[in-house]
Colleague: 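Quick one: the structure is below, and I'll ask about it shortly.
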Protein chains: 2
Amino acid sequence: MTFSYEFPRAALTVDCVVFALDESDLKVMLIQRDISPFEGKWALPGGFVRIEETVEDAARRELQEETGLEKVFLEQLYTFGDIDRDPRERVVTVAWYALVRLSDHRVKAATDARAAAWFGMDDLPQLAFDHDRILELAYQRLQNKVRYQPIGFELLPQKFTLTQLQHLYEIILDRTLDKRNFRKKILGMNVLQELDEVETDVAHRAARLYRFNKQRYREMVKQGVNFEI
Amino acid sequence: MTFSYEFPRAALTVDCVVFALDESDLKVMLIQRDISPFEGKWALPGGFVRIEETVEDAARRELQEETGLEKVFLEQLYTFGDIDRDPRERVVTVAWYALVRLSDHRVKAATDARAAAWFGMDDLPQLAFDHDRILELAYQRLQNKVRYQPIGFELLPQKFTLTQLQHLYEIILDRTLDKRNFRKKILGMNVLQELDEVETDVAHRAARLYRFNKQRYREMVKQGVNFEI
DNA sequence: TCAAAAGTGTTGAGCGTACACCCATGC
DNA sequence: GCATGGGTGTACGCTCAACACTTTTGA
């Protein structure tokens, strides 16, 4: 069975840049291609948009199928519509980026036959198609957005220490921050809930745990306070 | 002649939100539809992406064909991929927004048979499809972006007064600004070139004209100075 | 000479930044 | 008791915001 149209149509795909945070590194999930073109090369998880699903649903489905990830933070990045992106035929792709807690999704890499793996942002393999451009844009977007929207928390466990949070910003923004100033600022925003718990299993004084309070964040936004690191 | 594929494919279109600045208003260009669905309703200029052109080229071509606009500032906004956006069939649209100088494109509205017209942002008609959502998102994007990127100049004549520039920000951001503070700030950024010219044909003291210096802006960015209103 | 808009400085408050030491805990 | 990171305050400079009067020009 085939589907016919009066004019030629591009194929429509989605591709996802999935970021996670290691102890000391920003990581991206990549899938090793097992078919031509670019067989053996690494690529972003993604695939064709089906006719009965929205573009966002397609991104979530592909993420689930290829990496086992569900219910993650997902935001549209950009649509890449150059003519020769794909050597086979015209393919337009809607790119997305996702933020996940590595702890939740440790080694759940390969759900189907293909190999999936986390790569450090400064240890990337050569990528298939124009996926290097997509990844670069996603990284820039993350660096910009993390500074004025509280999306970084998506990369941390629900309960985290202020030092973990500071490291997150240092890793993503690629610069060091002053401990005292960072704490003053983030606590002054009134969006962190101080818990009655501390770290465990550390070989030194245990740090206090905090939780991001989304509700309080929304109230703050309404009051015109704006989140900015 | 028809084109056949193994799986059904969505149609791919582009839609453009074209902003311009009147003396006292932010305007959007709309086209009156002359065919079903939504016949007679106003809609964003746009149309199908051809197989041999990039998505951006399609946006520029449609803009040219439907409104006569060429060489304008154009940036991708978002891709709308809901299933029932178009009652006829599955259509995914890549939305763009454009900024133009109204002076350059005064009444050049209707190039083809359809009526085209500028509408004030607070005097919009009902729109076809989900174009109200697209327009709303474009407006938000403009409001955000104009504050930290020097894109406002795309809406003014090449030579402008500081008062014109201030009004631009007041109209887009929908709040008043302090004259002295505004001038201090914008001049302090070192991206405006003071000309040896003044306004003409005004019934009061003529204001000095300035020009945006893109080169100097890029130098400033390199030095880490960031544009922000 | 009048109307209209151009042009121009100062002050106070709040914010960002730089900076160093003691404390608690596990081994 | 020692190593490791946790936790804390102050002082200075800069930027932002508030605010009003004189000057220029054309009619």
Side-chain angles (χ1 to χ4, degrees), chain A residues 21-24 146-148 156-157 159-171 173-211 220-221 223-229, chain B residues 21-24 146-148 156-157 159-171 173-211 220-221 223-229:
Chain A
L21 203 69
D22 207 346
E23 273 66 40
S24 56
V146 82
R147 283 180 39 202
Y148 61 93
L156 290 181
K159 300 172 182 182
F160 51 83
T161 68
L162 292 184
T163 301
Q164 280 180 298
L165 187 60
Q166 182 180 339
H167 282 160
L168 180 151
Y169 283 101
E170 290 180 330
I171 290 167
L173 300 177
D174 202 19
R175 62 192 170 95
T176 58
L177 300 172
D178 179 86
K179 182 159 66 160
R180 279 176 289 189
N181 293 337
F182 178 80
R183 283 163 184 249
K184 208 186 316 168
K185 182 144 196 186
I186 196 84
L187 291 177
M189 287 179 197
N190 254 322
V191 296
L192 294 190
Q193 181 185 354
E194 184 175 330
L195 301 177
D196 285 331
E197 289 178 67
V198 293
E199 276 181 309
T200 52
D201 302 322
V202 287
H204 51 78
R205 175 174 174 183
R208 177 160 302 259
L209 292 173
Y210 291 82
R211 184 200 295 272
M220 290 289 120
V221 169
Q223 288 170 35
V225 177
N226 59 339
F227 185 91
E228 199 176 327
I229 299 295
Chain B
L21 204 70
D22 207 346
E23 273 65 40
S24 56
V146 83
R147 283 178 41 201
Y148 62 92
L156 290 181
K159 301 173 181 180
F160 51 84
T161 68
L162 293 183
T163 301
Q164 280 179 299
L165 187 59
Q166 182 180 339
H167 282 160
L168 180 151
Y169 283 101
E170 291 180 330
I171 290 168
L173 301 177
D174 202 20
R175 61 189 169 96
T176 58
L177 300 172
D178 178 87
K179 182 160 66 161
R180 278 175 290 188
N181 293 338
F182 178 79
R183 282 162 185 249
K184 210 186 314 168
K185 183 145 196 187
I186 196 84
L187 290 176
M189 287 177 195
N190 254 322
V191 297
L192 294 190
Q193 182 185 353
E194 184 176 330
L195 301 177
D196 285 330
E197 288 177 70
V198 292
E199 274 182 311
T200 52
D201 302 322
V202 287
H204 51 78
R205 175 172 177 185
R208 180 162 298 266
L209 292 173
Y210 291 81
R211 184 199 296 273
M220 290 290 120
V221 169
Q223 288 170 34
V225 177
N226 58 338
F227 185 90
E228 199 174 327
I229 299 296

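In the text below, chain A, chain B and the rest are named by the order of the sequence lines, each starting its count at 1.
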Colleague: Mind calculating the distance between CD (Glu228(B)) and P (dT15(D)) to the nearest angstrom?
Modeller: 13 Å
Colleague: Counting C-beta onward and ignoring hydrogens, is there a side-chain heavy-atom pair between Leu156(A) and Tyr210(A) closer than 4.5 Å?
Modeller: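 When only atoms from C-beta onward are counted, Tyr210(A) and Leu156(A) do not touch, as no gap falls below 4.5 Å.
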Colleague: Look at the side chain of Asp178(A) and the backbone N and O of Arg180(A), then say whether any donor-acceptor pair between them is shorter than 3.5 Å.
Modeller: yes
Colleague: Do Phe227(A) and Ile186(A) have side-chain heavy atoms sitting under 4.5 Å apart?
Modeller: yes
Colleague: Could you give the start and end, 5' to 3', of the contact zone on DNA chain C for chain A, using atoms under 4.0 Å from its heavy atoms?
Modeller: dG16(C) to dG26(C)
Colleague: Can you tell if the side chain of Val191(B) reaches within under 4.5 Å of the side chain of Val225(B), non-hydrogen atoms only?
Modeller: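 No, their side chains stay 4.5 Å or more apart.
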Colleague: Would you say that His204(A) contacts Glu199(A) through its side chain, given a criterion of any heavy-atom pair below 4.5 Å between the two side chains?
Modeller: yes
Colleague: Heavy atoms under 4.0 Å, any strand shown: does Arg183(B) hit a base, just sugar-phosphate, or nothing?
Modeller: base
Colleague: Nearest-Å distance, CG (Leu162(A)) to C1' (dG6(D))?
Modeller: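 For the pair Leu162(A) CG and dG6(D) C1', the rounded distance is 10 Å.
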Colleague: Report yes or no: do Thr163(A) and Arg208(A) form a side-chain donor-acceptor pair below 3.5 Å?
Modeller: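 No - no donor-acceptor pair under 3.5 Å links their side chains.
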Colleague: When every nucleotide of nucleotides 21-27 of chain D is labelled 5' to 3' by its protein contacts under 4.0 Å (heavy atoms), B for base, S for sugar-phosphate only, - for none, what sequence of letters results?
Modeller: --BBBS-
Colleague: Which part of the nucleic acid, if any, lies within reach of Thr163(B) when heavy atoms closer than 4.0 Å are counted: base, sugar-phosphate only, or nothing?
Modeller: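 Thr163(B): backbone/sugar contact only, no base atoms under 4.0 Å.
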Colleague: Classify Lys184(B) by what it touches in the nucleic acid, base, sugar-phosphate, or nothing, heavy-atom distance under 4.0 Å.
Modeller: base
